Structures are given as structure tokens and as C-alpha cells.
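Predicted model only: the values in this text are computed from it and were never measured. Chain naming here is simple, since letters A, B, ... match the order of the sequence lines and numbering starts at 1 in each.
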Number of protein chains: 2
Amino acid sequence: MDLKTLLSTKGLKSTKQRDVIIQEFLKLKEHVNIDALYQKVKAKHPTIGYATVYRTMKLLKECGMASERHFGTRQALYEPHHETAHHDHLICVKCNKIIEFENEKIEKLQDVIAKKYGFRLESHKHELYGTCSQCKK
Amino acid sequence: MDLKTLLSTKGLKSTKQRDVIIQEFLKLKEHVNIDALYQKVKAKHPTIGYATVYRTMKLLKECGMASERHFGTRQALYEPHHETAHHDHLICVKCNKIIEFENEKIEKLQDVIAKKYGFRLESHKHELYGTCSQCKK
DNA sequence: ATTAGTGCAAAGTATTTGCAAGAAA
DNA sequence: TTTCTTGCAAATACTTTGCACTAAT
């Protein structure tokens with residue numbers, strides 16, 4: 001199902017602004033903050049406002065197309081949401097590089113922990129902070 | 001080494017306000033936000049200002065006596081820092097209850113992952129979000 | 001005496017919201 | 001032509017900072 005169809009099933013409208021934001025968002029590989037995304041979008045659609053970017057990202061979150069992250073800071077970072085394989089993050093405290101990782105064993109251990117405390121798990125965050133190989137030098 | 005000595009080695013002063021804040025902070029079992037801590041402290045020392053609480057918590061963070069957390073929200077939560085056993089968190093998305101857990105196997109797997117990517121690990125966050133046993137009913 | 005800390009209010013971030021005008025259905 | 005969306009500015013929530021005064025060393 002494409003975005004336009006998805007929006008219309010929710011009684012929402014497809015607009016030029018939304019198209020550009022989503023296009024630019026999906027194009028980016030790294031985790032992006034609102035400000036950087038706003039700059040990218042502004043280049044294609046100069047009259048766009050900050051609020052529209054915020055509102056669109058909120059919409060994408062709710063549609064399950066984007067995930068919001070807070071790597072220790074107040075500021076939110078966004079990434080496209082992958083339904084399939086969940087991944088977690090290694091963050092370099094020196095250069096802020098972000099590397100994604102997946103670990104099946106950890107995922108399973110999480111289920112064990114949740115069960116032990118009677119939780120029904122919905123999501124998780126696992127972030128490892130340290131110094132990357134380049135910054136160690 | 002007590003706090004007063006610790007402060008003096010850094011050329012910092014021991015004050016009534018800091019004493020009260022630290023005393024109230026250590027007394028609390030749960031993760032606490034600045035507002036709740038401010039209220040507690042105000043009961044013992046009515047003229048205290050918000051800024052002093054913020055500044056003192058920042059100081060405690062830097063001294064390694066407190067950790068700051070952001071469980072998905074903008075607002076920071078603080079907990080006393082335990083040098084010894086690191087623990088992580090299970091958070092109920094319905095009632096916001098926070099349960100601490102430790103898992104040796106996961107800690108070890110983290111080291112394996114860090115090594116794989118050439119990271120020197122400094123810290124980590126591992127948060128499991130879900131519905132607790134009471135809220136499931 | 002000197003230096004650091006306090007309380008206040010003002011400023012700073014990051015994000016959200018009200019509203020009139022504009023665009024999509 | 002109705003309803004949703006936009007852009008702007010103002011509002012909000014949390015946190016930090018400048019400054020004159022006060023307290024600790």
C-alpha cells in the first residue's frame with residue numbers, strides 16, 4: 001500500500017509538503033533530527049514551516065513508518081521503521097557515529113526477563129555507548 | 001570519603017542546600033524527576049530555588065553519584081549511581097512503573113558486540129517497554 | 001578577604017498548539 | 001463546500017544562565 005492510499009484510509013490528505021518530507025526522510029541513511037530534515041526539505045520546498053515537519057514526523061511515527069529515538073539527549077532523532085528485523089545501536093561518544101547491530105541471543109534473553117517479571121513486551125531500546133575504532137587512536 | 005571531603009578536593013563548598021538535596025535524593029527509592037525532588041527539598045528548606053536543584057544534580061552526575069535517564073520522554077529522571085552492579089530497566093507503558101533488572105549474559109554479549117565493531121564500551125542503556133502484570137488484567 | 005553558591009528572573013532549547021488562510025477531497 | 005493541512009507566531013515544557021547578593025572557606 002502506498003502512502004497516499006494509507007493516508008486516505010485514515011481520512012488524511014496527501015499534500016506536496018508531506019510528499020517532500022517523506023521522500024527526503026527515506027532518502028537519508030543516518031538518524032536525522034528535525035532541524036537537519038527541515039533544512040533538506042526547505043531546499044525542495046522553500047516555504048515549508050517547522051511545524052509541518054514536526055507534524056509529519058509525528059504522523060509517520062503513528063503510522064509505524066518512523067521511529068523516534070533519544071540517544072541520551074533531549075533532542076529526538078528519527079529513523080525509518082523496519083517492521084522485520086529489529087536493531088539496536090552502538091553510539092560513539094566522541095564523534096557521535098551511530099552503528100546498528102542485531103543480536104538474536106539478546107532478543108531472546110529479553111523475552112526471558114519480561115516473562116520473569118510478568119511483562120508483555122512491546123518494544124525495547126538497547127544502546128551501547130563507547131569510543132569507536134577511529135576515535136580510539 | 002564523605003561528600004564534604006569529596007567536594008573540598010574539588011575546591012567546592014558544602015552548603016545547607018546541597019546537604020538537603022543529597023539527603024532527599026538518596027532517601028528516594030524510585031527514579032525521581034527534578035520537580036518531585038524540588039518539592040521534597042522545599043519541605044525541608046523552603047527558600048530553595050529550582051536552579052539549585054538542577055545545579056546540584058548536575059554536580060552529582062559529574063561526581064558519579066547520580067545517573068540521568070530519559071525513558072522516552074523529554075524529562076530527565078535521576079537515580080543514585082551504583083558503581084558495582086549495573087542494572088537496566090523494565091518500564092510499564094500503562095502505569096509507568098519501573099523495575100530494575102540485571103543480566104550477566106546480556107552484559108557479556110554486549111562486550112562481544114563492542115569488540116566486533118572495535119568499540120571501547122563506556123556505558124549502555126537497555127530498556128524494555130511493555131505492560132506489567134497488573135496492567136495486563 | 002576571597003571564592004563559590006544561591007535565588008530569582010530571564011533566556012535557551014526542543015516541541016506543540018491556536019488560528020486564519022489555503023489546498024485537497 | 002467541507003474538511004484537512006499549512007505557516008506563522010505564540011505557547012509550552014524542561015533546563016540553563018546572568019547577575020547581584022549571600023555564605024563557606
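Going from atom CZ of B/Arg18 over to atom P of D/dT22 covers 19 Å, rounded to whole Å. Atom pair A/Met57:CE and C/dA14:C1' shows a separation of 15 Å (rounding to whole Å applied). Following rounding to the nearest Å, A/His70 (NE2) and C/dT15 (C1') show an atom-to-atom distance of 10 Å.
Checking D/dT5, D/dG7, C/dT15 against every side-chain atom of A/Ala76, the shortest atom distance belongs to C/dT15. In this structure, the nucleotide among C/dT15, D/dG7, C/dG7 sitting nearest to the side chain of A/Gln75 is C/dT15. Distances were taken from every side-chain heavy atom of A/Arg74 (C-beta onward) to each of D/dA23, C/dT13, D/dG7; the shortest belongs to C/dT13.
OP1 or OP2 of C/dA24 has not a single side-chain nitrogen or oxygen of A/Ser14 nearer than 4.0 Å. In this structure, A/Thr52 reaches the D/dG7 phosphate: one of its side-chain N or O atoms is under 4.0 Å from OP1 or OP2. Phosphate proximity of D/dG7 to A/Gln17: present, with a side-chain N or O under 4.0 Å from OP1 or OP2. Note on B/Thr15: every side-chain N or O is 4.0 Å or more away from OP1 and OP2 of D/dA24. A/Tyr54 has no side-chain polar atom (N or O) that falls below the 4.0 Å cut-off from OP1 or OP2 of C/dT16.
For the pair B/Leu12 and A/Tyr38, nearest-nucleotide mapping onto DNA chain D gives the more 5' position to A/Tyr38. Comparing A/Ala51 and A/Leu59 against DNA chain D, the residue whose closest nucleotide sits nearer the 5' end is A/Leu59. Positionally, the nearest nucleotide of DNA chain C for B/Lys13 lies more toward the 5' end than for the other of B/Lys13 and B/Thr47.
Contact annotation: side chain of B/Lys58 to base of D/dT16, donor-acceptor pair absent below 3.5 Å.
In summary, the side chains of B/Glu24 and B/His45 do not present any donor paired with an acceptor at a separation below 3.5 Å, with no hydrogens or angles considered.
For B/His124 and B/His126, the ring centers are positioned 6.0 Å apart or more.
At a threshold of 4.5 Å between side-chain heavy atoms, the hydrophobic network of Ile, Leu, Val, Met, Phe, Trp and Tyr places A/Phe101 and A/Ile99 in one connected group. The hydrophobic cluster containing B/Val112 does not contain A/Ile91, counting ILVMFWY residues as joined when their side-chain heavy atoms lie under 4.5 angstrom apart, directly or transitively.
Taking both residues in full, the closest heavy atoms of A/Tyr78 and A/Lys61 are given as CE2-CE, 4.4 Å, listed atom of the first, atom of the second, then distance.
When heavy atoms are screened at a 4.0 angstrom cut-off, A/Ser8 is found touching no nucleic acid atom at all. Base contact: A/Arg55 has a heavy atom under 4.0 Å from a base atom.
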